Amino acid sequence: MSLAFDDYGRPYIILRDQGQKKRMKGLEAYKSNILAAKAVANTLSSSLGPKGMDKMLVSPDGDVSVTNDGATIVEKMEIQHPTAKLLVELSQSQDAEIGDGTTGVVVLAGKLLEQALTLLDKGIHPLKISDGFDRACDVAIKHLETISEEIDIQANDNEALVQAACTALGSKVVSKRKRELGKIAVTAVLDVADLARRDVNLDLIKIQTKTGGSVEDTRLISGILIDKDMSHPQMPKEVKDAKICLLTCPFEPPKPKTKHNINISSADDYKKLYLQEQQYFVDMVKLVKNSGANIALCQWGFDDEANHLLLQNELPAVRWVSGTDVELIAMATGARIIPRFQEITPEKLGKAGCVKEVQFGTSNERMLVIENCQCTKAVTILIRGGSQMIVDEAKRSIHDAICVIRNLIKDNRIVYGGGSAELACAIQVLQYADEVSSVEQYAIRSFADALEGIPCCLADNCGLNPITSVAQAKALQLKENNPRIGIDCMELGTIDMKEQRIYETLSSKKQQIQLATQVVKMILKIDDVIAPDDY
Ligand code: ADP
Ligand code: MG
């Protein structure tokens with residue numbers, strides 16, 4: 001599209017290939033965008049909450065995954081529509097920033113869009129709607145801060161952290177084991193956390209999955225676990241006081257390029273070549289050993305010849321260590337990644353207390369653990385489960401729990417879940433609406449309705465009557481001035497979420513409301529869509 005001016009200086013728009021393009025303007029554009037985005041939110045709404053449904057997603061090449069994680073669902077839905085894609089990004093930015101609450105943020109955006117549609121039908125200008133939502137959002141965020149509570153994360157064996165992790169895990173496939181998994185996640189995060197600086201480097205927690213066994217076999221290993229074993233079965237199974245040489249070059253003689261030829265015309269020639277190749281290996285092994293290394297971890301492979309030589313020279317080695325593992329090991333042991341044998345020097349070696357092979361369960365498969373790394377503590381959560389689908393979902397769930405714990409270490413304020421915080425904000429926003437005399441009043445009221453949509457959705461998903469349960473909770477919140485009243489999804493007999501101990505982080509709730517409002521405002525600003533005709 002380009003802007004041009006005619007002889008009189010009047011502007012006009014030139015559309016390239018206009019015949020093949022579709023153009024929507026004004027109200028039609030707003031509505032079509034909103035409907036597309038709402039469709040995505042609607043698919044997610046049945047996944048929200050502890051009794052939310054899971055989705056089965058089949059990729060074009062037939063891989064099946066079953067998940068409850070909002071960010072993963074929208075990512076795998078392969079959405080084409082450009083405005084609907086904004087919701088995918090919305091979920092992903094919540095995931096990147098906070099880690100949990102990826103379904104809730106999309107559902108809230110959907111509810112806001114629904115309200116925007118009715119307001120548009122009433123003839124309210126999109127910018128007024130946008131402004132109203134913005135002001136309501138500010139009120140909601142302020143109110144969230146006033147109802148938030150500080151928790152003592154260390155009290156009672158970190159009980160509060162475990163509870164928060166349990167809330168995050170409660171809606172997942174692995175919810176039966178939420179307490180065990182929650183404890184594992186808390187220990188892992190605390191192991192690598194820097195409590196004085198309130199900082200956690202999540203890169204130091206490695207999550208390794210291995211099918212087999214069941215979810216309750218999941219455990220925490222202090223050290224870095226890599227799914228590899230020593231390259232030769234006769235190499236020692238344990239190396240104490242390990243000095244690790246971390247190589248990203250292959251243990252093999254240089255290969256001739258395709259444009260070169262080697263002519264071997266006699267047995268002598270062949271022998272010479274063989275000896276020369278041997279010499280290469282011998283030199284490489286020597287370079288490693290001379291530096292003082294007692295174990296070599298190699299990102300590449302090496303053949304049997306080299307393997308045999310390594311064994312003969314008593315240099316335990318591991319091949320095909322993945323790139324991410326190489327980086328993690330370098331970070332934890334202080335090793336420098338060495339790209340050429342000539343560059344090996346003693347200072348570049350990493351140090352660890354022990355590198356040993358371990359075996360899990362009754363299977364024959366062995367893995368390596370690197371313990372007591374010199375630089376930083378690193379831990380591994382080894383996730384077990386009956387099938388690839390289960391371990392993958394368990395990995396995503398534990399990731400959510402870990403993020404929640406990290407967020408609490410950064411900021412120890414919580415609000416209560418089960419829709420109670422949203423409901424409290426809705427009440428506050430409604431009160432505020434009465435003070436506004438302009439048109440925005442309608443939008444502000446609608447914002448409150450959208451917030452109420454979250455407890456509604458939670459109630460609906462667990463088979464309760466959404467209208468009666470939300471009305472009951474709202475009445476009680478007002479009567480007792482208690483912002484902790486929510487939806488009793490698990491039918492535990494109390495609607496006070498503090499008694500149910502449904503902890504959610506303040507940072508996550510704040511982010512959810514802010515991000516959802518932002519995206520809706522963005523969609524409401526689009527009044528002209530020019531696109532190829534075929535979508
Ligand atoms: P998200 O991907 O947004 O985290 P979840 O499926 O984890 O979505 O659902 C989170 C919602 O479920 C939150 O609003 C939370 O307050 C609520 N919730 C979680 N556990 C419970 C529970 N035991 N009872 C009531 N509500 C719960
Ligand atoms: Mg969650």
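For the single chain, residues carry numbers from 1 onward in sequence order. Please read all numbers here as calculations on a predicted model, not as lab measurements. Indexing begins at 1, ligand by ligand and atom by atom, following the structure's order.
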Roughly how far apart are [X] [atom1] and [Y] [atom2], rounded to 0.5 Å?
{"X": "T380", "Y": "D227", "atom1": "OG1", "atom2": "CG", "answer": "11.5 Å"}
{"X": "L382", "Y": "I221", "atom1": "CG", "atom2": "CD1", "answer": "4.5 Å"}
{"X": "S438", "Y": "I444", "atom1": "OG", "atom2": "CD1", "answer": "7.0 Å"}
{"X": "D496", "Y": "L476", "atom1": "CG", "atom2": "CG", "answer": "9.0 Å"}

Can you name the atoms of ligand 1, numbered from 1 with element, that are less than 4.0 Å from a heavy atom of [X]?
{"X": "M490", "result": "23 (N)"}
{"X": "D100", "result": "4 (O)"}
{"X": "S171", "result": "5 (P), 6 (O), 7 (O)"}
{"X": "G418", "result": "15 (C), 16 (O), 17 (C), 25 (C), 26 (N)"}
{"X": "G417", "result": "16 (O)"}
{"X": "C489", "result": "24 (N), 25 (C), 26 (N)"}
{"X": "E504", "result": "13 (C), 14 (O), 15 (C), 16 (O)"}
{"X": "T103", "result": "1 (P), 2 (O), 3 (O), 8 (O)"}

Nearest heavy-atom pair of [X] and [Y]: which atoms, and what distance?
{"X": "V192", "Y": "K377", "answer": "CG1-O, 3.5 Å"}
{"X": "I523", "Y": "A37", "answer": "CD1-CB, 4.0 Å"}
{"X": "A160", "Y": "Y503", "answer": "O-CD1, 3.6 Å"}
{"X": "E393", "Y": "T67", "answer": "OE1-OG1, 2.8 Å"}

Does the residue G101 have a heavy-atom contact with ligand 1, meaning some pair of atoms that are separated by less than 4.0 Å? yes
Please determine whether any non-hydrogen atom of G170 lies less than 4.0 Å from an atom of ligand 1. no
Which is closest to atom 9 (O) of ligand 1 in terms of heavy atoms, G49, C462, C457, A421? G49
I'd like to know if the side chain of D95 and the backbone of T102 have a donor-acceptor N/O pair within less than 3.5 Å. no
Main chain of L408, side chain of T505: is a donor-acceptor contact present, judged purely on distance under 3.5 Å? no
Check [X] against ligand 1 and report side chain, backbone, both or neither, counting heavy atoms closer than 4.0 Å.
{"X": "E422", "result": "neither"}
{"X": "I502", "result": "side chain"}
{"X": "I487", "result": "backbone"}
{"X": "L458", "result": "side chain"}

What is the name of the N/O/S atom of D100 that is nearest to the Mg ion (ligand 2)? OD1
Above 12 or not: heavy atoms from other molecules or residues under 6.0 Å from NZ of K31? yes
When only distance counts, is K172 in polar contact with ligand 1, meaning an N/O pair under 3.5 Å? no
Looking only at protein heavy atoms, identify the closest one to atom 21 (C) of ligand 1 and say how far it is in Å. P50 CG, 3.5 Å
If you have a sec, work out which protein heavy atom is nearest atom 3 (O) of ligand 1 and how many Å separate them, to one decimal? G104 N, 2.7 Å
Regarding D69, does it place an N, O or S atom less than 2.8 Å from the Mg ion (ligand 2)? no
Will you find, in the side chains of K55 and S46, an N or O donor that is under 3.5 Å from an N or O acceptor? yes
